[in-house]
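Notes to accompany the following structure.
Read the numbers this way: they start at 1 and go in the same order the structure lists the ligands and their atoms. Starting from 1, each residue takes its place in the sequence as its number.
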Amino acid sequence: MRLFFRLKWFIRLEWRSYLLGILALLGVAMLGLIPPIMIGRFANLISERALSGATLGPIIVWIAIATVGQYLLRFGWSYFIWGTSARLERLMRLRLLNHYLEMDKPFFQKHRTGDLLAHATNDINQLQRVAGNGVLQLFDALITGVSVVAAMAVVVNPLLTIMAVVPLLGITLVAQLLGGSISAAFSAVQDMFSQLNNKTQESLMGIKVLKTVGEAAEDTADFQTKINDSIRATRHAERLDSLFNPAITILTGISFVGTIIYGGYLVQTGALSIGSLITFVTYLSALVWPFLGLGFFFNNLQRGNAAYERITTLLAEQPATLDKKGLKQVPRGDLQIDLTTFQYPDATEATLQNVHATVQAGNTLGLVGPVGSGKSTLIQLLLREFDQYAGSIKINQIDIRDYDKDTYLPAIGYVPQDNFLFSTSVLENIRFADPNISLERVQEAARWAALHDDIMNLPDGYDTQVGEQGISLSGGQRQRLAIARALIINPDILILDDALSAVDAKTEQQILTMLHNQRQDKTTIIATHRLSAVVQAAETLVFEHGRVEARGTHSDLIQEDGWYARMFAAQQLSEKLDQEVTTHG
Ligand code: ADP
């Protein structure tokens, strides 16, 4: 019952609907008492050979009233109670989604996406079951159960009632205990199934690697184990499940047999009319469901409680990055990086150390270095995905952690290497930040990103559907689309994180020149593996093991005999070879 207490904010919000639903349920139960009495009367009329139009008429009318009335009231309770539970579901889903959207990198590092999805689906479904089915089962059991038992005892016979009802309590017990184990077993089956799915997906995605490294046999064995586990879990669930119906049938049977033996005796001795016994038996069949429901209710409640617990724990988590009540000012001006150390929450040593740089507004900062040297990490700090570090990053002399995130982040255009296409048109994908942006501006941004001609060659131009359901764009086209998407908001700071890796050298230069011309007063940060992308940068930092090993303009760095110069020479050479292959090949 603790769950109802914890959901009292919701009950307070929706008490009217619940009250109407419960009143309708009450009406259904009361009307439900009528037909068995009428059937009993009918039986008595037959046994007394008193059946006639005049005696049968009222019976038919009463049964008709009860049936039609129940029909209408049933509609009433489903409407109110199901409607209410659907509102709870929607509310909780929105709360959870908004919470996810507010959370930052550390949160998503701690919880796997699959688990977050499971909370948003299974746990919320479970809550919805309590708020809908649960409320229904509880009140149905209370109202129908109490009224029918009372009617049996008062209208028919108290002792017979006790005899008949005691075995039915067993039904509640079975439904709660066995029902609980059965649903736990089926949840386990579901778990196994999703593990199997994950495994299949993993194996398929890595199939080439698996084959080349000769791990295919091991992978198959692993797969076989997972299949066996899944079969075992299913068998267990089915075995438990197959116990359920017989148990209920046996208990119902005991109740009916007892009733017939003792009831028959009462009829024989004249203490009870045959009609009353028939009324009694009809009532008894109407009791099975509420007693079952009560058992299901207790077990739903238990699971609902656990689900609510998990959801509230998740909702209570605060972003690790600092709170949102910062300066509502657009970050615009010089960028000053003075980072002493940064360490990922679960890392054992510092990822970045002593990174210092000044970038005047309008200039470009290059970030280069081997894979894993810390370029993306610095970008994540700029994007405020982690706020816990020693030192500071300032824009316009204000620590970026002092800006309100809601004004800070929209001023930053961020283009990751692997960007996301939404399942909509090219047009909507580019103006994703604001669907009111005009087609002209979208086209301008696409031209800047050297994408316009490609789009015009698509079947429906700017209206071509892309993403999951649409046509697929090449890696280079996707990167250029992401650049257009970032440029359209004319960001004060533009961050390209290896965002030109799939674009050919000529197009890359075309885009860089455009950026240089269009963004005279705005800052651009380019992290890249291809050094040609930072030739025009005012300064480039060369990272190694989280430290800045060298820095300067392209010509400074080329003169030093370091990683940069060696890498640049190697890349120039391979570029030249590629060109020769294309021209002569
Ligand atoms: P780069 O962008 O230069 O390839 P990264 O900044 O991605 O390098 O990585 C720097 C180091 O930080 C690497 O050793 C990497 O393994 C580690 N790292 C990256 N992301 C995380 C993370 N989310 N948690 C812990 N360590 C990370």
Side-chain angles (χ1 to χ4, degrees), residues 100 102-116 317-322 335 337-357 359 364-393 400-401 409 412-420 475 479 482-483 486 493-503 508 524-534 537 539-552 557 562-568 570-571:
Y100 287 171
E102 263 179 21
M103 295 311 284
D104 50 13
K105 213 46 187 282
F107 176 83
F108 290 103
Q109 207 158 340
K110 185 164 142 204
H111 304 282
R112 286 177 312 169
T113 316
D115 294 338
L116 293 177
E317 281 193 42
Q318 293 295 323
T321 37
L322 301 175
L335 169 68
I337 301 172
D338 286 301
L339 198 67
T340 324
T341 54
F342 167 70
Q343 184 169 339
Y344 280 105
D346 52 354
T348 47
E349 52 182 35
T351 311
L352 289 178
Q353 274 181 307
N354 296 323
V355 181
H356 300 276
V359 195
T364 297
L365 174 72
L367 306 174
V368 302
V371 174
S373 57
K375 307 178 292 285
S376 301
T377 304
L378 180 62
I379 289 176
Q380 291 191 46
L381 299 190
L382 281 165
L383 291 171
R384 303 261 330 252
E385 293 197 333
F386 298 91
D387 273 352
Q388 265 74 30
Y389 48 82
S392 67
I393 300 175
I400 58 170
R401 293 170 289 191
L409 287 178
I412 312 252
Y414 169 59
V415 189
Q417 179 183 14
D418 243 338
N419 48 74
F420 191 76
Q479 287 191 335
I483 291 173
I493 297 186
L494 175 68
I495 301 175
L496 303 181
D497 191 356
D498 220 1
L500 291 164
S501 58
V503 174
E508 176 187 62
T524 305
I525 296 173
I526 302 178
T528 181
H529 285 111
R530 194 154 62 181
L531 301 184
S532 54
V534 291
E539 183 174 46
T540 292
L541 309 182
V542 183
F543 280 83
E544 200 155 350
H545 300 305
R547 295 167 186 272
V548 178
E549 282 303 311
R551 62 195 309 148
L557 289 165
W563 181 89
Y564 188 98
R566 282 199 309 277
M567 202 60 176
F568 189 73
Q571 289 183 354

What short N/O contacts, under 3.5 Å, does ligand 1 make with the protein, listed by atom pair and distance?
{"unit_1": "ligand 1", "atom_1": "2 (O)", "unit_2": "Ser376", "atom_2": "N", "d": "2.8"}
{"unit_1": "ligand 1", "atom_1": "2 (O)", "unit_2": "Ser376", "atom_2": "OG", "d": "2.7"}
{"unit_1": "ligand 1", "atom_1": "3 (O)", "unit_2": "Ser373", "atom_2": "N", "d": "3.1"}
{"unit_1": "ligand 1", "atom_1": "3 (O)", "unit_2": "Ser373", "atom_2": "OG", "d": "3.4"}
{"unit_1": "ligand 1", "atom_1": "3 (O)", "unit_2": "Gly374", "atom_2": "N", "d": "3.0"}
{"unit_1": "ligand 1", "atom_1": "3 (O)", "unit_2": "Lys375", "atom_2": "N", "d": "3.0"}
{"unit_1": "ligand 1", "atom_1": "3 (O)", "unit_2": "Lys375", "atom_2": "NZ", "d": "3.0"}
{"unit_1": "ligand 1", "atom_1": "4 (O)", "unit_2": "Gly372", "atom_2": "N", "d": "2.7"}
{"unit_1": "ligand 1", "atom_1": "6 (O)", "unit_2": "Ser376", "atom_2": "N", "d": "3.4"}
{"unit_1": "ligand 1", "atom_1": "6 (O)", "unit_2": "Thr377", "atom_2": "N", "d": "2.8"}
{"unit_1": "ligand 1", "atom_1": "6 (O)", "unit_2": "Thr377", "atom_2": "OG1", "d": "2.4"}
{"unit_1": "ligand 1", "atom_1": "8 (O)", "unit_2": "Gly372", "atom_2": "N", "d": "3.4"}
{"unit_1": "ligand 1", "atom_1": "8 (O)", "unit_2": "Gly374", "atom_2": "N", "d": "3.2"}
{"unit_1": "ligand 1", "atom_1": "20 (N)", "unit_2": "Tyr344", "atom_2": "OH", "d": "3.2"}
{"unit_1": "ligand 1", "atom_1": "23 (N)", "unit_2": "Gln109", "atom_2": "NE2", "d": "3.1"}
{"unit_1": "ligand 1", "atom_1": "24 (N)", "unit_2": "Gln109", "atom_2": "NE2", "d": "2.9"}

Legend entry - Nearest-0.5 Å distance that lies between atom OG1 in Thr540 and atom CG in Leu531: 8.5 Å
Legend entry - Exam field: side chain Glu544 to backbone Glu549, donor-acceptor pair closer than 3.5 Å: no
Inset, instruction - Please indicate whether His111 has more than 12 foreign heavy atoms, meaning atoms of other residues, nucleotides or ligands, lying under 6.0 Å from its NE2. - result: yes
Legend entry - Plane angle bin for Phe342 and Tyr389 - parallel if under 30°, tilted between 30 and 60°, otherwise perpendicular: perpendicular
Legend entry - Ring geometry between Tyr100 and Phe108 (parallel below 30°, tilted from 30 to 60°, perpendicular above 60°): perpendicular
Legend entry - Rounded distance [0.5 Å steps], CD in Gln318 versus CD in Glu102: 8.0 Å
